[in-house]
Amino acid sequence: MADVLIIGGGASALQLARHLRSTMNVILLTKSSLHHSNSYLAQGGIAAALGAGDSPSFHYSDTVNAGGSTSAGQALQIMTQEASSVVHELDSIGCAFDKDHQGHFQLGREGAHGQNRIVHGGGDQTGRRIVESLTRALPPNVTVMEHHFVFELLMNDQGQCFGARSKDTGGNIHTFVSPQTVLAAGGCGQVYACTSNAETAAGDGIALAYEAGAELIDMEYIQFHPTLLYIDGHGAGLISEAVRGEGAVLVDEDGRRIMEDVHPLQDLAPRHTTAQTIFHYHRMGRKVFLDIRGVSRFQERFPSITALCLKHDVDINQGLLPVAPGCHFIMGGVKADGNGKTNVPGLYAIGETACTRVHGTSRLASNSLLEGLVFGRRTARFLNAQSTLLPARKQKKSVPPPDSLVLPGIKDIQKRTMEAAGIMRNHDDLTAHQAWLDSFPVVSNLDKSRLTKEQVTALFLLQTSRLITTAALERKESRGSHFRSDYPKEQAEWKDRTIRLQSHTKEAIS
């Protein structure tokens, strides 16, 4: 029994838990450990208008421009206005941000930002420092239960959510009942073969919400980070955009800079532009490198990236790091308002699982941690004023899985999704992929307590891939991170249209 049940263990979940009132019994379930999430791995920082000459309105404008002018006004205004207070609050609880000798934040710049406004911690260890500081600050009314794989939301006949069920490492089933359940389960990078995401980011929250009847939007907008370390044809880990912010440039195998004639911001162009350019070079059989020879004190400033390169026998001293794009972030997800509310009573969504439309079609660098922290805090303040009375607890009946449940391997799902619904898409590939996905059962109504963790993960990945593919087929244009080779241009009539997915139907709505 809990007053608030939180599913997830990243920055948004911890921020929410920390700000809930002390009289509440709060349970936080995380699929792995608190030190194994996208938030913990985040190398980039927090964007906030803290510098002289900067302002939330400038931050707002840069976000809108990077997001293809489709970011949601009110939610984005909230995020940019509250950014500085979030940073100062973290600083006050001991988060070790990088500062100069006078104690001022060292502000860096990343792609598509017009000002130096990125706050970092430990160079490229910002996420780790934020998660650790938030964990230390958790109050005693918060119980953290690690290694709990949530496979089902509890729904009654009135369509209300009243908790969740999980499975621990021993295969034991646990039932958690709560009037308020918050999905903070992160993104879905593991649906792709090449990703910067933690192994836990498999679209669980999105699939769970969809099964519960929540409305999803913008699922076609998947951001591919331009620079993953590329070893033997595979992404081996993220190389932060902050490296380019400090002077690194992208070059081909002949040493020619590849972004000079592509975008006015060159190597600091929006992520989708840079990723699509590198992808084009790879398709032509040409290698791309991040030339770091112009970055002073690289090993000192980027210790995590240095360790990553050493792990894979990449010689830092040569100054050329092989790179390729990989799945990094989903701009879409569970439709939520500024307080985390979804259309399902009792169910909330924050962080990367949610979609408030603050990112538009392509996320501005270092706005992801910021989003989770701002809306995690706001959702806590909203929940603090809500009733703790439980709704009816008669659970909707589920269907036993078939005796011989046939599911594809996880690597097969990832490979096929990468090829058909990755950086560049077209009708034929998407249609063929959709037909393949539809040959397997959907998540809905199956009694997943009888399945293994691997089987449920495969079901979640299939469902998430199906949602991305459906939305990508529906949007017959290219916009931001969504690129279709058969519709390579933006279409004016599509600018203000949103792909909504709910209850296994799709609809384009204004």
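Quick caveat: nothing in here was measured; it's all calculated off a predicted structure. We use all heavy atoms of the structure for the numbers below, so side chains are in, but hydrogens, waters and symmetry mates are not.
A cation-pi arrangement, defined by a distance under 6.0 Å to the six-membered ring centre and an angle within 45 degrees of its axis, is present between Arg416 and Trp436. Figure legend: Lys448 and Phe151 shown without cation-pi pairing, the cationic atom not lying both under 6.0 angstrom from the six-membered ring centre and within 45 degrees of its axis.
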_side chain to side chain contact (heavy atoms under 4.5 Å, CB included) between Ile423 and Gln276, worked out_ = CA-CA 7 Å; Ile423 297 173; Gln276 288 166 12; 3.9 Å; yes

*Can you list the steps and then say if Leu373 with Glu89 is a side chain to side chain contact (heavy atoms under 4.5 Å, CB included)?*
CA-CA 10 Å; Leu373 293 165; Glu89 185 179 80; over 6 Å; no

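Side-chain contact of Thr23 with Arg21: a donor-acceptor pair under 3.5 Å is present, judged by distance alone. Under 3.5 Å, the side chains of Arg128 and His35 contain no donor-acceptor pair of N or O atoms. No side-chain donor-acceptor contact under 3.5 Å links Glu146 and Thr30. His59 and Asn367 share a side-chain donor-acceptor pair at under 3.5 Å.
Between Phe329 and His359, a ring centre-to-centre spacing shorter than 6.0 Å is recorded.
Contact check for His433 versus Thr417: side-chain heavy atoms found under the 4.5 Å cut-off. In this structure, the side chains of Arg500 and Leu216 stay at 4.5 Å or more apart for every pair of heavy atoms. Here the side chains of Tyr348 and Leu183 are not in contact, with every heavy-atom distance at 4.5 Å or above.
Salt-bridge formation is detected for the pair Arg378/Glu82: a Lys NZ or Arg NE/NH1/NH2 atom is positioned less than 4.0 Å from an Asp or Glu carboxylate oxygen. We find that Lys415 and Asp412 are not joined by a salt bridge, their nearest charged nitrogen and carboxylate oxygen being 4.0 Å or further apart.
Classified by interplanar angle (parallel below 30°, tilted 30° to 60°, perpendicular above 60°), the ring pair Phe224/Tyr192 is perpendicular.
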